[in-house]
2 protein chains.
Amino acid sequence: MSKETIRVLVVEDHHVVRQGLVALLNVVDGLEVVGEAADGVEAITVFRKCQPDITLIDLRLPRMGGVDVIQRLRMETHGARFIVLTTYDGDEDIYRALQAGARAYLLKGMTTDELIATIRAVHAGKQHIPPAIAQRLAERMGTEELTPREFDVLEQIVHGKSNKEIATELEISEATVKTHINSLLGKLGVTDRTQAATAAIQRGIVPLESLRKPKQ
Amino acid sequence: MSKETIRVLVVEDHHVVRQGLVALLNVVDGLEVVGEAADGVEAITVFRKCQPDITLIDLRLPRMGGVDVIQRLRMETHGARFIVLTTYDGDEDIYRALQAGARAYLLKGMTTDELIATIRAVHAGKQHIPPAIAQRLAERMGTEELTPREFDVLEQIVHGKSNKEIATELEISEATVKTHINSLLGKLGVTDRTQAATAAIQRGIVPLESLRKPKQ
DNA sequence: TCCCATCTCCACCTTTCGATGGAGATGGCC
DNA sequence: GGCCATCTCCATCGAAAGGTGGAGATGGGA
């Protein structure tokens, strides 16, 4: 198994980066790019067709996020191995990607050698998380989970809503909004809504893109 | 001039992306990558040595930002032409890059053909701004400039400081802080500090990275 | 069944924010 | 000199936010 060629699927929406990856990997002995996909839905289709040993996947993808893709494909193909390759997407994404079953998490800033070494390692059944990532993951582990409702409120805060507006939006009283806020401030380890908003963005709890379009 | 090979310098800190770009460009007829740099300072050194026709440059770079690099090099080499190539960096960066003298602004999501066409166009003396970018640029043009002091205050807001803390930090009275806030809320077109914070992050007025490290 | 998390709401209180309408000082620009 | 932007500060006000200590309802899990 280790002497055979490792069949790789590359899932990445940025054309330049994807073509770059393919070009890089194809000149490496023992690696072969057997498929490419530019979004999550395409990733699933291509995966089923080419059954790669390793899937190199970005988290931010059009149509369907990387985490969902990993989750879906891991259910139907027991041996599937995923390496998340991303620029930097907040602690929350790292956490969810590993939860979903990714074996490694790499930043695009790493060297080609590191990338290849990681592909080989994961193919051999190992796991690979860079120290910097592991560090942040550990921090995130220490923090309490937000309840669904607290998350709803936090989302509204990030979108600049007042307590009254949040109450209207979620169809609850302002008192309840305050209760949730009080609770989530504690869990996030911050003291006011502005800090909560920036923390949520920075950790990737609420995606920055959601700010541009009012209606998601 | 148009029949000769276009000499390109690639400035990009992500190894994978950079090598991808180099691999892509080198197989194109009429293009030649004559240099690579992984950070701003290196970019300046390499530029001086190889004197490229076109410099493909990312904005987020270690040691020295892309905007500063462009500004510096444009002063010493009159014919230098720059194409900014980035994922997405808030309206503020687009604006400053073009101000600094970049001829084109491309997202990494574009196709290889677009990239090559843009390089040729810029080399021929043209300018190229994608419609989506131009759109946002126009919006940004309509907004008033923040004064230096207002920017200071906004920065503190993004970092989660209260008015009292900001007053202490900037060594002014809380009343003055309020005055600045009132003014910047109006200029940003928002109604409270939380909206100001998210707007600042989203537009790239205050970099998201500055949140992680309290002391810049 | 009992426990616990969650969601909901209330009252009360203090602090903080944001809005308004001032005003004096500085320094650059015409 | 006069104009204008900027920075600084003041008082006052109402609205919003945050803290505290409750409490009832629900529903799932041990």
Side-chain angles (χ1 to χ4, degrees), chain A residues 92 95 99 140-203 205-206 211, chain B residues 92 95 99 140-203 205-206 211:
Chain A
E92 200 59 22
Y95 179 75
Q99 281 283 77
R140 133 92 226 209
M141 287 304 202
T143 64
E144 291 165 89
E145 289 282 348
L146 294 188
T147 69
R149 213 50 171 164
E150 284 160 5
F151 176 82
D152 291 339
V153 174
L154 178 57
E155 202 168 31
Q156 298 290 321
I157 289 177
V158 174
H159 285 76
K161 304 285 179 62
S162 69
N163 290 348
K164 192 175 298 193
E165 289 171 324
I166 297 173
T168 305
E169 182 77 24
L170 300 182
E171 292 177 299
I172 54 181
S173 84
E174 205 179 326
T176 308
V177 175
K178 286 190 180 186
T179 306
H180 290 313
I181 289 179
N182 229 286
S183 167
L184 71 85
L185 289 183
K187 290 183 181 177
L188 291 176
V190 298
T191 59
D192 60 57
R193 58 172 53 220
T194 304
Q195 289 178 8
T198 54
I201 293 172
Q202 185 223 5
R203 300 190 197 173
I205 300 173
V206 176
L211 291 181
Chain B
E92 200 59 23
Y95 178 76
Q99 280 284 78
R140 134 90 226 210
M141 286 306 203
T143 64
E144 293 164 88
E145 290 281 349
L146 294 189
T147 68
R149 212 49 172 165
E150 284 160 6
F151 176 81
D152 291 340
V153 173
L154 177 57
E155 203 168 31
Q156 298 291 320
I157 288 176
V158 174
H159 285 74
K161 304 286 178 63
S162 70
N163 290 347
K164 192 176 298 192
E165 289 170 324
I166 297 173
T168 306
E169 183 76 25
L170 301 182
E171 292 179 299
I172 54 182
S173 84
E174 204 179 327
T176 308
V177 174
K178 286 189 179 186
T179 305
H180 289 313
I181 289 179
N182 228 288
S183 167
L184 70 85
L185 289 183
K187 290 183 181 178
L188 291 176
V190 298
T191 60
D192 60 56
R193 59 173 50 221
T194 304
Q195 289 179 9
T198 54
I201 292 172
Q202 185 222 7
R203 301 190 195 174
I205 300 173
V206 177
L211 291 182

Open item on the list: How long is the straight-line distance from NE2 of His180(B) back to CD of Gln156(B), given to the nearest 0.5 Å?
Closed with: 12.0 Å

Task: Lys161(A) NZ - dA16(D) P separation (whole Å) - done: 16 Å

- [ ] Whole angstrom is fine here: how far is it from CZ in Arg193(A) over to C1' in dT15(C)?
- [x] 15 Å

Task: Value rounded to 0.5 Å, distance of NE2 in His159(A) from CD in Glu169(A) - done: 10.0 Å

Task: For atom CD of Glu150(B) and atom P of dT8(D), their distance in whole Å - done: 11 Å

Task: Axis bend over the full length of the helix from dT1(C)-dA30(D) to dC30(C)-dG1(D), computed from five pairs that close each end, to 10 degrees - done: 40°

TODO: Would you name the heavy atoms of Thr198(B) and Ala197(A) that are closest together and state the gap between them?
DONE: CG2-CB, 4.2 Å

- [ ] Rounded off to whole Å, could you give me the NZ-to-P distance for the Lys164(B) and dG18(C) pair?
- [x] 15 Å

- [ ] Output all residues satisfying side-chain contact (heavy atoms from CB on, under 4.5 Å) with Thr179(A), sequence neighbours left out; order by chain, then residue number.
- [x] none

Open item on the list: Please report the interatomic distance CG(Leu154(B)) to CG(Leu146(B)), rounded to the nearest 0.5 Å.
Closed with: 6.0 Å

Open item on the list: At less than 4.0 Å, is any side-chain N or O atom of Asn163(A) found next to OP1 or OP2 of dA16(D)? Yes or no.
Closed with: no

Task: Considering all heavy atoms, the nearest Arg193(A)-Leu185(A) contact - done: N-CD2, 4.2 Å

- [ ] Check the pair Val153(B) / Thr176(B) against side-chain contact (heavy atoms from CB on, under 4.5 Å), numbers first and verdict last.
- [x] CA-CA 10 Å; Val153(B) 173; Thr176(B) 308; over 6 Å; no

Task: Arg203(B) CZ to Ile201(B) CD1 distance, which is reported to the nearest 0.5 Å - done: 12.5 Å

- [ ] Grab the two heavy atoms, one from Ile166(B) and one from Lys161(B), that are nearest each other, plus how far apart they are.
- [x] CG1-CB, 3.6 Å

Task: Separation of dA17(D) P from Gln195(B) CD (nearest whole Å) - done: 10 Å

Task: Positions of residues 170-189 of chain B (non-hydrogen atom under 4.0 Å from DNA chain D), listed by number - done: Ile172(B), Ser173(B), Ala175(B), Thr176(B), Thr179(B), His180(B)

Open item on the list: Nearest heavy atom decides the nucleotide; on that basis, is Asp192(B) or Arg149(B) closer to the 5' end of DNA chain D?
Closed with: Arg149(B)

Open item on the list: Expressed as a whole number of angstroms, how long is the span from Asp152(B):CG to dT6(D):C1'?
Closed with: 13 Å

